[in-house]
Amino acid sequence: MAVNYSEQLKKVSVRDLQNDVIGLLEKIESLMRRASNALKADGTGKKYAEFERQIASKKHDVEELELVMSIVAPMKAGKSTIINAIVGFDLLPSRAAAMTTLPTEIVFNKDLTEPILIVPKDCAEAFNIT
Ligand SMILES: Nc1nc2c(ncn2[C@@H]2O[C@H](COP(=O)(O)OP(=O)(O)OP(=O)(O)O)[C@@H](O)[C@H]2O)c(=O)[nH]1
Ligand SMILES: [Mg+2]
């Protein structure tokens, strides 16, 4: 029987996904802790203690919904279109001509009411010269 993924996706909430991911990260964290304690004597325990710390840090990111998503594709592949769809409004220009062209970092800031574009100084100088 065919699985209707789009119908399934409509039933998934961000909170449910967040809780699932936190639950999984907690299990991994606990496994890393056990490994680091069990392997303390032979020196490899340190490596697992470091993994445990990294997982705890990622768990914090998921708790705060501070997620990093990379969107990489050739020019005009629809990167901006998909980002706009995720964000829910036309944040990035999306047309048939070259648009975003430079690697762009988008950071969510709950204190802002409208987007701000920050262009690095050397990049702005290059644009001015051009
Ligand atoms: N048919 C079709 N067109 C799409 C789709 N996604 C994007 N487009 C169109 O493709 C064109 C380029 O989309 P953009 O989102 O600007 O692509 P981009 O990868 O951000 O482009 P650059 O930032 O210039 O590299 C636009 O005219 C979009 O409307 C899609 O899924 N189907
Ligand atoms: Mg773009």
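Note: hydrogens, waters and symmetry copies are ignored here, and every other heavy atom, side chains too, is used. Indexing begins at 1, ligand by ligand and atom by atom, following the structure's order.
Note: the hydrophobic cluster containing Ile86 also contains Phe89 (ILVMFWY, side chain heavy atoms under 4.5 Å, direct or indirect links). The hydrophobic clustering, which links ILVMFWY residues whose side-chain heavy atoms are closer than 4.5 Å, places Ile118 and Leu112 together. Residues Met75 and Leu92 do not share a hydrophobic cluster, defined by chaining ILVMFWY side chains whose heavy atoms lie under 4.5 Å apart.
At the shortest separation from atom 25 (O) of ligand 1 among protein heavy atoms lies Lys79 NZ, 3.0 Å. Looking only at protein heavy atoms, the nearest one to atom 23 (O) of ligand 1 is Thr100 OG1, 2.7 Å. Protein heavy atom nearest atom 13 (O) of ligand 1, with residue, atom name and distance: Thr81 OG1, 3.5 Å. Among protein heavy atoms, atom 22 (P) of ligand 1 sits closest to Lys76 NZ, 3.4 Å. The closest protein non-hydrogen atom to atom 12 (C) of ligand 1 is Arg95 O, 3.2 Å. For atom 29 (O) of ligand 1, the nearest non-hydrogen atom of the protein is Ser94 OG, 4.1 Å.
With a cut-off of 2.8 Å, the Mg ion (ligand 2) has no N, O or S atom of Thr81 in range.
Atom 7 (C) of ligand 1 is approached by the protein to below 4.0 angstrom, counting heavy atoms only. Not a single protein heavy atom sits closer than 4.0 Å to atom 1 (N) of ligand 1. For atom 32 (N) of ligand 1, the protein comes within 4.0 Å by no heavy atom at all.
Lys79 contributes atom NZ, which lies 9.0 Å from atom OG1 of Thr104 (distance to the nearest 0.5 angstrom). Rounding to the nearest 0.5 Å places CG of Asp61 at 12.0 Å from NZ of Lys59.
With contacts defined as side-chain heavy-atom distances shorter than 4.5 Å, the pair Glu26/Ile28 does not qualify. Arg34 is not listed as a side-chain neighbour of Leu39, based on a closest heavy-atom distance of 4.5 Å or more.
Nearest heavy atoms, Lys76 versus Ala96: CD-O, 2.9 Å.
Salt-bridge formation is not detected for the pair Lys47/Glu50: no Lys NZ or Arg NE/NH1/NH2 atom is positioned less than 4.0 Å from an Asp or Glu carboxylate oxygen.
In summary, the atoms of ligand 1 found under 4.0 Å from a heavy atom of Ser80, numbered by their order in the structure, are 15 (O), 18 (P), 20 (O).
Geometrically, ligand 1 and Gly78 share a nitrogen or oxygen pair separated by less than 3.5 Å.
A heavy-atom separation below 4.0 Å is not found between Ala73 and ligand 1.
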